[in-house]
Amino acid sequence: PESLHYPDVRRDESIVDNYHGTLVADPYRWLEDPESAETKDFVEIQSKLTASVLDKCKTKEKLKERITALYDYAKYDCPLKQGNKYFYMHNTGLQPQSVFYMQDSLEAEPEVLLDPNTLSEDGTVSLSQSALSEDGTFLACGISASGSDWVNIKYMRVADKKFQSDVLSWVKFSSITWTHDHKGFFYSRYPAPKEGVDAGTETEINLYHELYYHFLGSDQSEDILCWKDSDNAKWLFGSEVTDDGKYLLLTIEEGCDPVNRLYYCDLTSLPAGLEGFRGSTDMLPFQKLVDNFDAQYTYVANDGSVFTFTSNKDAPKCKVTRVDLENPTVWTDIIPESETDVLSSATCVNEQQLVVCYLSDVKHVLQVRDLQTGNFLYQLPLDIGSVSSVSGRREEREIFFRFTSFLNPGTIFRCNLAAVKPVPEVFRDTEVKDFDRDAFETKQVFASSKDGTRVPMFIVSKKGTILNGDQPTLLYGYGGFNISLTPYFSASRLALVRHHGAVFAMANIRGGGEYGEDWHKAGSLSKKQNCFDDFQACAEYLISEGYTQPKKLCIEGGSNGGLLVAACVNQRPELYGCALAHVGVMDMLRFHKFTIGHAWTSDYGCSDKAEDFEWLVKYSPLHNVRRPWEGAQNGRNNVQYPAMMLLTADHDDRVVPLHSLKLLATLQYELCKKDANSPQTNYIIARIDSKAGHGAGRPTQKIIDQTSDAFSFFAMVTEAPWIE
Ligand SMILES: O=C(NCC(=O)N1CCC[C@H]1C(=O)O)OCc1ccccc1
């Protein structure tokens, strides 16, 4: 392809930072201000350049049409029983936002409780969370705009379905938990950022999280400040009320590691209840059950003061443990840690039972066990794939769980655990029009990383794919924050496989949670390079096994996965033909300065520390762009960077757009502008969306538009054929 005409972009060579004696230039520092005219001009020019490239993607419209058709299937989540009604989210297929329904019984006519599509013309206002009061009388909703993490909470009486006037603002990273007297709920918030900001476009750091209680019908200014900690600005506060309504649990996190402090307040011990705190500056009295960040504790159930938690305390693959608040130093393991499988969730159901979900070699397993003893009772039969959610309550005998896989768009099962022989039955199945799942196959393989570590990888392809190294291949990964990539249905990727003959691969590299906390730690801090080694090993597996070849191989990742992609391209530009980096963390020396970035130091470390700086500066995408054709050892050659598309959006306040903008400017300068004889003809562009954020809450059309752009770019670059 003829090389693009990239814009001349100002470099401020005066910006040089001193990190523990090492000087590091940051010439595009000015792109960190989203409000400046210069930044807005930069975004506009880049968007025009990207549009000119996308115009060359001949299959874009056809691919968009096919992605739309494959995406147009009914989407449900599990029903939730609350009070004497059932509640669930449903999307007929292409609705911008899913709709919240309720039913008097599973057979009754569903009734719309809240349709978020009525909250905006363009579908960019979303229902980011919801919480029903104990007997289903009230519904509290978290409403977000343009994909920002900022939430406004409103509530309604379920009976009349109209929002009341209360609006709680500047809520972020919050649970919503009701007291069982239906008088109000706990939530968390930050101090309001500066006036007049378009919420979600600001990059201001989020510090001093606070836990409040809101009395229905009052003004937010009268809310009770339940907890804050002026000595620990980074701490985040989560709240939960126990099933018996007696205790308020306060979980404290200081970052993204699976560890938390656990405080509790016996609400029945408050002399005048929460009312007694109205107008007072006193905070609630909390007992500190766990007052360190050694492990994670997640509430499962309690019988009076005897509490059951899942925890990774001395158990990197997790376990179920028990403690009596009256005797808080004695912990008893109820389900000890498994040798091989990761315990990913435990739900108390049917009075005295637990539904326990394990991850076993990246596939889910569901067991029913006894709550008191932990004893195994039986396993629920499951195909190979993922349990994306389990819905059940202690006082209910039935559970629902949602199963999905690469070729199954979602099946919801219902199981009556009180039956003599409990057997899950299909409660909702999903049909995808004009999709013949038998034409495809999924397999799990294991690549061998640089240090010999076995790295699992799923491969999805059309049956009969010839391993002649000629298939356009999309390799997706994440590798961080203890997050496990388990099989899930993606209409856009299946459209790619179906119509461009692509192979889709998903790598379970270190840093994730696939094999528990050890696997996570093995891809964090000073060991972060293991993520990149694992991902490169998966790429080389796909080449050596004959699936593809470098110029037809595209790597894709989002957020921490965007970092993965950009770092792998810097380290092995000759290994890939294309790279799609969504909302990536690209400036590893400055990420902690913006919004919630400081919480990620648990995985990355922080450049404020000399030791951490040493490992961060070695892989930080922004600081490791080099012209491959100048390789000292091999003189001048024609190795160039793959075609790259960076994707971000103006309201991404999780990973602020400046990361992608600064990397884009650096790539275009170093690879395309600085060397007059540059051999770089592969495109280096960015897709910058507006009224959109990190991903959550994105309306259907924006999802389809973005994946059509990204995947038709991949298809053009890898010269993938179009198959009707
Ligand atoms: O920052 C995150 N999650 C991590 C996150 O979103 N990351 C981590 C790296 C970039 C980006 C991503 O990969 O999506 O969520 C906010 C939060 C809530 C509670 C406690 C701590 C933090």
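Counting starts at 1 for both ligands and their atoms, in listed order. Worth saying up front: this structure is predicted, and the values here are computed from it rather than measured. Computed over heavy atoms, backbone and side chain alike; hydrogens, waters and symmetry mates excluded.
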Sidechain N-carboxylate O distance under 4.0 Å for Lys662, Asp26: yes

Side chains of Tyr212 and Glu210, donor plus acceptor under 3.5 Å: yes

Side chain to side chain contact (heavy atoms under 4.5 Å, CB included) involving Pro456 - partner list, sequence neighbours excluded: Val362, Gln444, Phe446, Asn508, Tyr515, Trp519

Salt bridge (charged side-chain N to carboxylate O under 4.0 Å, His left out) partners of Asp689, counting only residues at least two apart: Arg687, Lys702

Arg510: partners by salt bridge (charged side-chain N to carboxylate O under 4.0 Å, His left out), with sequence neighbours left out: Asp451, Asp534

One pair per line, please: each N/O atom of ligand 1 matched with every protein N/O atom under 3.5 Å away, atom names first, then the distance to 0.1 Å.
{"residue": "ligand 1", "atom": "1 (O)", "partner": "Trp600", "partner atom": "NE1", "Å": "3.0"}
{"residue": "ligand 1", "atom": "6 (O)", "partner": "Arg654", "partner atom": "NH1", "Å": "2.8"}
{"residue": "ligand 1", "atom": "13 (O)", "partner": "Tyr478", "partner atom": "OH", "Å": "2.5"}
{"residue": "ligand 1", "atom": "13 (O)", "partner": "Ser559", "partner atom": "OG", "Å": "2.8"}
{"residue": "ligand 1", "atom": "13 (O)", "partner": "Asn560", "partner atom": "N", "Å": "3.0"}
{"residue": "ligand 1", "atom": "14 (O)", "partner": "Ser559", "partner atom": "OG", "Å": "2.6"}
{"residue": "ligand 1", "atom": "14 (O)", "partner": "His694", "partner atom": "NE2", "Å": "3.1"}
{"residue": "ligand 1", "atom": "15 (O)", "partner": "Arg654", "partner atom": "NH1", "Å": "3.4"}

N-O pairing of Asp149 and Lys172 below 4.0 Å: no

